[in-house]
Asks: 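Okay, handing you the structure first.
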Amino acid sequence: MITVQQVLTVTTRGRGTLEITDSIRNIVRESGVGVGLAHVFVHHTSASLILCENADPTVRRDLETFMTRLAPDGASWLEHDDEGPDDMPAHIRTILTQSSLAIPVTAGRCALGVWQGIYLWEHRRAPHSRRITVTVQGHERLD
Amino acid sequence: MITVQQVLTVTTRGRGTLEITDSIRNIVRESGVGVGLAHVFVHHTSASLILCENADPTVRRDLETFMTRLAPDGASWLEHDDEGPDDMPAHIRTILTQSSLAIPVTAGRCALGVWQGIYLWEHRRAPHSRRITVTVQGHERLD
Amino acid sequence: MITVQQVLTVTTRGRGTLEITDSIRNIVRESGVGVGLAHVFVHHTSASLILCENADPTVRRDLETFMTRLAPDGASWLEHDDEGPDDMPAHIRTILTQSSLAIPVTAGRCALGVWQGIYLWEHRRAPHSRRITVTVQGHERLD
């Protein structure tokens, strides 16, 4: 068995989702792992990862609406606002979603469902540079 | 170290939870792994996985009530309804729970807590066939 | 590749977060793994794990406020209260956060972001003893 690790840096354009499926697929393909797991980790507390429907952009728009209703920027019941009204809602959104995803690797490929896309979700209003570590572990592919 | 991977197909009866603990336990036992991790992954964006209290069914009934209050079918603030009023709420419920679970394997067994059961949570109202991949990685058991 | 597994028992003081970053860092350092993953798992359904901002305690206070608004103890719409009014809210909070975290191990260390701390979140009002299993998998460090 082998472990291959690679770092990815993604620049966001402020709040919203950014698809990173292709980058992850490429890292898995180049890892040489045939059967195992691909682990994606974001090193921040105000951006997160989701596996989401990848066909209709209204799905991700509705997710924004949902989160905005649940934890509105500048809500009166929030205390922590050191970096602005979107600071604490960004932490809440991160806590409710994922800091890491693990996806099976089968026959040398990321075994995602047909409608599953991997998205980095930026929760801050301003653009940020987000660091992601991908770790692929498993048996080497026999070509 | 070894990696063993197996696919499971579960037919749901519409919205609700379905316990799959025994199936996962069996796959772990048959994998031959003594110490490691068992990873369970669902290949869909409107069904998810939870580790939940396994004794009293009212717990899972209350989870349904909670999610229904949080993201009601047909809510006026939701845009995406291509497959009906339960389409977008199903994506929201998936995002708020897990697409994958990883459970320690200890002494050749799934090391769940006494009250932890593994459940597939169908979020759509209609029955669906759901594909699950189980990946077990670790040291071989020495019998 | 190697797998190292260790059990940790944490005594909580009732509802609230408890930082366990140092304990996890130590287990990773002692595991001898250089590149891989550290997996942290809590064997309970009313306590969970989060990766959270580790600098300002108001962040975790706001998380409590958020969860209390979302699933208040003794809410009229909850049925399950066998162990008291905080029983079912504790299960809901667990479901919405994580029962396990996986963190990359890089150069023999837990590769957390600068602001990421690992917290055990006790969701019951009374103190509890919580069992955690840490599994580290990867290539041995070459010193």
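Order of the sequence lines fixes the chain letters, A, B, ..., with proteins taken first and strands second; residue numbering starts at 1 for each chain.
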Asks: Which one of B:Val35, B:Leu96, B:Ile50, B:Leu37 has the most heavy-atom pairs closer than 4.5 Å to chain C?
Replies: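 Between B:Val35, B:Leu96, B:Ile50, B:Leu37, the count favours B:Leu37.
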
Asks: Please classify the contact of C:Met1 with chain B as side chain, backbone, both or neither, using a heavy-atom distance under 4.5 Å.
Replies: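 Backbone plus side chain of C:Met1, per the 4.5 Å heavy-atom cut-off to chain B.
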
Asks: Between chain B and each of C:Val134, C:Val136, C:Leu70, count heavy-atom pairs under 4.5 Å; write down the option with the most.
Replies: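 Of the candidates given, the most pairs with chain B belong to C:Leu70.
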
Asks: Under 3.5 Å, which donor-acceptor pairs link chain B to chain C? Give each pair on its own line with the distance.
Replies:
{"unit_1": "B:Asp56", "atom_1": "OD2", "unit_2": "C:His80", "atom_2": "ND1", "d": "2.9"}
{"unit_1": "B:Thr58", "atom_1": "OG1", "unit_2": "C:His80", "atom_2": "ND1", "d": "3.2"}
{"unit_1": "B:Arg61", "atom_1": "NE", "unit_2": "C:Glu79", "atom_2": "OE1", "d": "3.3"}
{"unit_1": "B:Arg61", "atom_1": "NH2", "unit_2": "C:Glu79", "atom_2": "OE1", "d": "3.3"}
{"unit_1": "B:Arg61", "atom_1": "NH2", "unit_2": "C:Glu79", "atom_2": "OE2", "d": "2.7"}
{"unit_1": "B:Asp62", "atom_1": "OD1", "unit_2": "C:Glu79", "atom_2": "N", "d": "3.0"}
{"unit_1": "B:Asp62", "atom_1": "OD2", "unit_2": "C:Glu79", "atom_2": "N", "d": "2.9"}
{"unit_1": "B:Asp62", "atom_1": "OD2", "unit_2": "C:His80", "atom_2": "N", "d": "2.7"}
{"unit_1": "B:Gln98", "atom_1": "NE2", "unit_2": "C:Thr97", "atom_2": "O", "d": "3.1"}
{"unit_1": "B:Gln98", "atom_1": "NE2", "unit_2": "C:Gln98", "atom_2": "OE1", "d": "3.3"}
{"unit_1": "B:Ala102", "atom_1": "O", "unit_2": "C:His39", "atom_2": "NE2", "d": "3.2"}
{"unit_1": "B:Val105", "atom_1": "O", "unit_2": "C:Gln5", "atom_2": "NE2", "d": "3.3"}
{"unit_1": "B:Thr106", "atom_1": "OG1", "unit_2": "C:Gln5", "atom_2": "OE1", "d": "2.9"}
{"unit_1": "B:Ala111", "atom_1": "O", "unit_2": "C:His43", "atom_2": "ND1", "d": "2.9"}
{"unit_1": "B:Gln116", "atom_1": "NE2", "unit_2": "C:Val42", "atom_2": "O", "d": "3.0"}
{"unit_1": "B:Gln116", "atom_1": "NE2", "unit_2": "C:His44", "atom_2": "O", "d": "3.3"}
{"unit_1": "B:Gln137", "atom_1": "O", "unit_2": "C:Gln137", "atom_2": "NE2", "d": "3.1"}
{"unit_1": "B:His139", "atom_1": "NE2", "unit_2": "C:Thr3", "atom_2": "N", "d": "2.9"}

Asks: With side chains defined as the heavy atoms from C-beta onward, is the minimum distance between C:Phe41 and B:Leu51 less than 4.5 Å?
Replies: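 SC-SC contact between C:Phe41 and B:Leu51 confirmed.
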
